[in-house]
Amino acid sequence: MKTAGEPVEPPRIRRRRHWAKRPNPVAGLGSLLWLAVVIIPIYAMISASLTRQDKALGNNALKPPTDPTFANYNTVLHNGFGHFLANTAIVAAAVVGIVLVLCVPLAYVAVRTRTIWSSAAFRLFLMGVAIPAQAVVVPLYLMIAKLNLYDSLLAVILPTAAFAMPVSVLILTGTLRDISEDLYEAMALDGASATRMLFQLVIPLTKGGISTVVIYASLQAWNGFIFPLIFTQSDGPRVLTLGLFNYVSQFGVNIPALLASVVLSGIPIFAVYLVARRALVGGLMGVGGK
């Protein structure tokens, strides 16, 4: 029974809440199937990485190893894996820094400067989303060679950051459009400059979008393969993806050692995703804005 002063919900809202409380067995079954699709390959990979080399091909992939061993991980760690991991961490941190320093002000200008030129520049900038990296490898190679950056980490960092920027700007503009216009007007009445609005209003209210950009740029840098393959040659600037590619020939017969290197390379970026997964989903839901 509702009291006289209690508001009455519209019938449509009551129906929605009633529907939301009903169980959905189809969605639950689909979730379990998707979980199995994700978990089973990971389990098989970890299980195989703990298997001895002489038993790798004879056992069932889903059967737990009867005599697990960490010798495969020891083999990988003593064959340059730490060096590859350090280079990849440097590349990822540099790419994230470049993307944040450039994309946050770019998105701020695109949202707040409502002119024909700024709109045209924003659309032109987003054309980078449609340009694959493979289409510009040769011009990039010539530019990097002219700048004497070939076979260095900068040769990997700069192109990776450039190709991560269009999507990052798209994500950030969608997040910035959710900021109320009243907040901008209130700070303008207080005499705040555009720079002060950026640091005191925009950045604190776009943490979800910034977290999404951090995860996205990190993934692009961590999983990048074509730029390290084309723009590096020696072992000095070699990163994880290229190191795993070389492990295919080095551990071509030792399948457990190869899978152990894959497991180790995925742990850091998976840990970053676990920490920021909520911000990642929340930021992606804001793409497009109002």
Side-chain angles (χ1 to χ4, degrees), residues 89-131 133 136 139-140 143 147 149 153-222 224 227 272-273 275-290:
I90 293 173
V91 171
V95 168
V96 169
I98 293 173
V99 168
L100 289 181
V101 169
L102 296 179
C103 289
V104 174
L106 280 171
Y108 176 64
V109 172
V111 173
R112 297 298 300 164
T113 307
R114 300 174 182 177
T115 62
I116 297 177
W117 295 108
S118 64
S119 179
F122 176 67
R123 290 188 176 92
L124 181 63
F125 188 82
L126 290 184
M127 287 181 61
V129 178
I131 300 176
V136 295
L140 282 175
M143 291 175 59
L147 294 172
L149 296 177
L153 289 180
L154 278 177
V156 180
I157 292 170
L158 296 179
T160 305
F163 276 88
M165 286 177 63
V167 175
S168 300
V169 171
L170 180 63
I171 294 172
L172 290 171
T173 51
T175 306
L176 263 64
R177 288 193 181 102
D178 290 335
I179 299 177
S180 174
E181 187 70 22
D182 296 337
L183 297 176
Y184 289 109
E185 294 177 356
M187 291 198 69
L189 290 175
D190 290 339
S193 62
T195 304
R196 180 182 169 188
M197 289 183 186
L198 174 64
F199 286 98
Q200 295 187 2
L201 175 63
V202 172
I203 293 179
L205 294 181
T206 56
K207 291 181 179 179
I210 291 175
S211 300
T212 305
V213 168
V214 170
I215 298 297
Y216 171 75
S218 299
L219 287 173
Q220 295 299 306
W222 202 270
F227 293 144
V272 174
Y273 170 76
V275 172
R277 64 187 185 278
R278 291 187 179 181
L280 174 64
V281 175
L284 289 176
M285 290 176 64
V287 174
K290 297 180 180 178

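For this chain, numbers begin at 1 and follow the sequence in order. The structure presented is a predicted model; accordingly, all values stated were derived computationally and were not measured. Hydrogens, waters and symmetry mates play no part in the numbers below; they use all other heavy atoms, side chains included.
The two atoms that bring I157 and V95 nearest to each other are O-CG2, 3.7 Å, heavy atoms only. Residue W222 comes nearest to A92 through the heavy atom pair CE3-CB, 4.2 Å, listed as atom of the first residue, atom of the second, then distance.
T206 pairs in a side-chain contact (heavy atoms from CB on, under 4.5 Å) with only one of the listed residues (L201, T175, V104), which is T175.
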Quiz: residues 182-200 side-chain donor-acceptor pairs under 3.5 angstrom, not counting sequence neighbours:
| from | atom 1 | to | atom 2 | distance (Å) |
| --- | --- | --- | --- | --- |
| S193 | OG | R196 | N | 3.3 |
| R196 | NE | Q200 | OE1 | 3.1 |

Considering only distance and modelled atom types, tabulate donor-acceptor pairs under 3.5 Å from the side chains of residues 158-171, sequence neighbours left out.
| from | atom 1 | to | atom 2 | distance (Å) |
| --- | --- | --- | --- | --- |
| T160 | OG1 | V156 | O | 2.6 |
| S168 | OG | A164 | O | 2.7 |

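One finds the CG atom of L154 at 11.0 Å from the CD1 atom of I90 (value rounded to the nearest 0.5 Å).
The side-chain contact (heavy atoms from CB on, under 4.5 Å) test applied to A110 returns F122, T173, not counting sequence neighbours. Among residues two or more places apart in sequence or in another chain, the side-chain contact (heavy atoms from CB on, under 4.5 Å) test is passed with S218 by V96, V214, I269.
Listed by first and then second residue, the salt bridge (charged side-chain N to carboxylate O under 4.0 Å, His left out) pairs that reach into residues 96-112 are R112-E181, sequence neighbours excluded.
Contact check for V99 versus Y216: no side-chain heavy atoms found under the 4.5 Å cut-off.
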